[in-house]
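In each ligand, atom 1 is the first atom listed, and ligand 1 is the first ligand listed.
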Amino acid sequence: MKLLKERIREDAKIVSQEVVKVDSFINHQIDVDFLEQLAEEFYRRFKDKKITKILTIEASGIAIAILAAQYFKVPVVFAKKTVSRNLDKETYRSKVYSFTKQKEYDIQVSARYLNPEDHILILDDFLANGKAALGLVDIVEQSGAQISGLGFVIEKGFQEGGKALRKMGFQIESLAIIKEIKGQEIIFEEKVE
Ligand code: 5GP
């Protein structure tokens with residue numbers, strides 16, 4: 001998506017040859033009008049699929065999931081990373097290794113909010129090694145629901161997640177795919193518009 005690539009080129013901060021920061025529009029400050037356009041693009045790409053719920057992971061996936069949900073007219077469920085006494089006793093759980101925090105954590109979704117009749121679109125901000133996404137796939141599979149596809153705002157194509165998920169046969173839509181971070185330059189895969 002041209003608009004997104006331009007915004008990344010203008011605003012992203014390169015943290016290392018593997019990590020980019022997009023705090024000015026997704027991960028800290030949220031540019032709602034801009035994310036709204038990304039949400040519409042997710043709708044364009046998945047509108048022919050049956051989707052009854054959008055599933056994401058707290059915290060950074062929630063904003064884009066909510067904006068997309070307004071187009072699909074479905075609820076958003078987000079996996080929780082923190083253990084809370086408020087959470088129902090029956091939950092689906094999975095373990096995720098965090099690429100950015102370099103540690104493993106549990107994610108959980110109450111069994112009440114996913115059921116075998118659901119068709120789930122998984123959305124998140126980044127796809128890197130795919131651990132967060134695979135954790136969400138695991139949770140959907142535990143619930144017996146179907147996965148309609150997965151969408152990411154930014155995929156880092158030089159990491160393994162995209163390959164692993166595509167091999168599993170899912171429709172994966174990433175709005176921008178970073179091929180390489182070369183010094184201070186971000187190089188995109190051109191096939192994604
Ligand atoms: P994965 O599980 O695919 O390895 O990593 C995905 C998660 O890690 C995303 O939910 C995102 O929050 C975080 N992440 C991975 N790479 C980056 C990055 O380069 N920049 C930012 N801001 N977050 C990242």
Side-chain angles (χ1 to χ4, degrees), residues 1 4-31 34-35 38-39 42 54-69 76-82 92-109 120-141 147 149-189 192:
M1 200 184 170
L4 174 61
K5 288 196 270 192
E6 281 168 8
R7 185 69 185 260
I8 294 170
R9 279 203 184 96
E10 270 167 34
D11 280 4
K13 302 268 176 291
I14 295 168
V15 177
S16 69
Q17 296 311 285
E18 290 202 320
V19 177
V20 289
K21 241 171 115 165
V22 286
D23 279 16
S24 65
F25 62 100
I26 301 178
N27 287 148
H28 195 10
Q29 171 172 266
I30 295 173
D31 183 336
F34 182 71
L35 287 202
L38 307 185
F42 279 129
I54 294 177
L55 178 65
T56 188
I57 187 163
E58 68 176 350
S60 51
I62 295 177
I64 186 68
I66 287 176
L67 291 169
V76 172
V77 177
F78 63 90
K80 298 204 177 205
K81 290 179 181 167
T82 46
Y92 303 117
R93 287 162 194 251
S94 195
K95 287 206 180 301
V96 171
Y97 181 81
S98 166
F99 171 73
T100 42
K101 298 196 179 69
Q102 309 224 321
K103 63 172 193 197
E104 196 176 59
Y105 59 93
D106 282 316
I107 57 169
Q108 308 188 51
V109 173
I120 306 294
L121 173 63
I122 293 174
L123 291 183
D124 204 1
D125 59 342
F126 271 90
L127 175 60
N129 290 311
K131 304 296 181 199
L134 286 166
L136 294 174
V137 166
D138 180 24
I139 279 180
V140 174
E141 286 176 346
I147 293 171
L150 295 92
F152 302 92
V153 177
I154 302 170
E155 175 177 340
K156 291 182 292 178
F158 55 87
Q159 291 177 299
E160 293 309 306
K163 236 176 276 159
L165 290 163
R166 287 183 181 94
K167 218 187 269 172
M168 291 166 82
F170 297 123
Q171 181 182 344
I172 311 292
E173 297 289 344
S174 300
L175 304 186
I177 302 183
I178 297 177
K179 190 159 88 180
E180 196 184 347
I181 302 170
K182 217 176 183 182
Q184 284 307 298
E185 198 193 348
I186 295 174
I187 300 162
F188 293 98
E189 276 186 18
V192 185

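Side chain of E155 to main chain of F126: no donor-acceptor pair is present (N/O by atom type, distance under 3.5 Å, no hydrogens or angles). A donor-acceptor pair under 3.5 Å is formed between the side chain of T56 and the backbone N or O of L123.
Residue-ligand proximity: V22 is placed with every non-hydrogen atom at 4.0 Å or more from ligand 1. Ligand 1 is never approached by A133 to a heavy-atom distance shorter than 4.0 Å.
Residue V19 approaches ligand 1 through these ligand atoms, each under 4.0 Å from one of its heavy atoms: 18 (C), 19 (O), 20 (N). When each atom of ligand 1 is checked for a heavy atom of D124 under 4.0 Å away, the hits are 9 (C), 10 (O). Numbered from 1 in the order shown, with element, the atoms of ligand 1 that lie under 4.0 Å from a heavy atom of S60 read 12 (O).
Here the heavy atom of the protein found nearest to atom 14 (N) of ligand 1 is T100 CG2, 3.6 Å. Distance from atom 9 (C) of ligand 1 to its nearest protein heavy atom, with residue and atom name: D125 OD1, 3.5 Å. Distance from atom 21 (C) of ligand 1 to its nearest protein heavy atom, with residue and atom name: F126 CE1, 3.3 Å. Ranking the protein heavy atoms by distance from atom 3 (O) of ligand 1 puts G130 N, 2.6 Å first. Of the protein's non-hydrogen atoms, the one nearest atom 20 (N) of ligand 1 is V20 O, 2.6 Å. Distance from atom 2 (O) of ligand 1 to its nearest protein heavy atom, with residue and atom name: A132 N, 2.8 Å.
Counting heavy atoms under 4.0 Å from ligand 1, residue V15 does not touch it at all. When heavy-atom distances to ligand 1 are checked against a 4.0 Å cut-off, N129 comes that close through both its backbone and its side chain. Counting heavy atoms under 4.0 Å from ligand 1, residue N27 touches it through the side chain alone.
Atoms CG and NZ, on D11 and K21 in that order, are 13.0 Å from each other to the nearest 0.5 Å. Note that CD of E160 is 10.5 Å distant from CG of L127, once rounded to the nearest 0.5 Å. With rounding to the nearest 0.5 angstrom, the CD1 atom of I107 is 13.0 Å from the NZ atom of K131. In this structure, OG in S24 is found 9.5 Å from CD in E10, a value given to the nearest 0.5 Å. A distance of 12.0 Å separates CD1 in I62 from CG in L67, rounded to the nearest 0.5 Å. The CD atom of E180 lies 10.5 Å from the CD atom of E189; values are rounded to the nearest 0.5 Å.
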side-chain contact (heavy atoms from CB on, under 4.5 Å) evaluation trace for I57 with K81
CA-CA 8 Å; I57 187 163; K81 290 179 181 167; 4.0 Å; yes
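No more than 12 heavy atoms of other residues, nucleotides or ligands shown are found within 6.0 angstrom of CZ on R93.
Checked against a 3.5 angstrom limit, the closest N/O atoms of A128 and ligand 1 fall inside it. Considering backbone and side-chain N/O atoms, K156 comes within less than 3.5 Å of an N/O atom of ligand 1.
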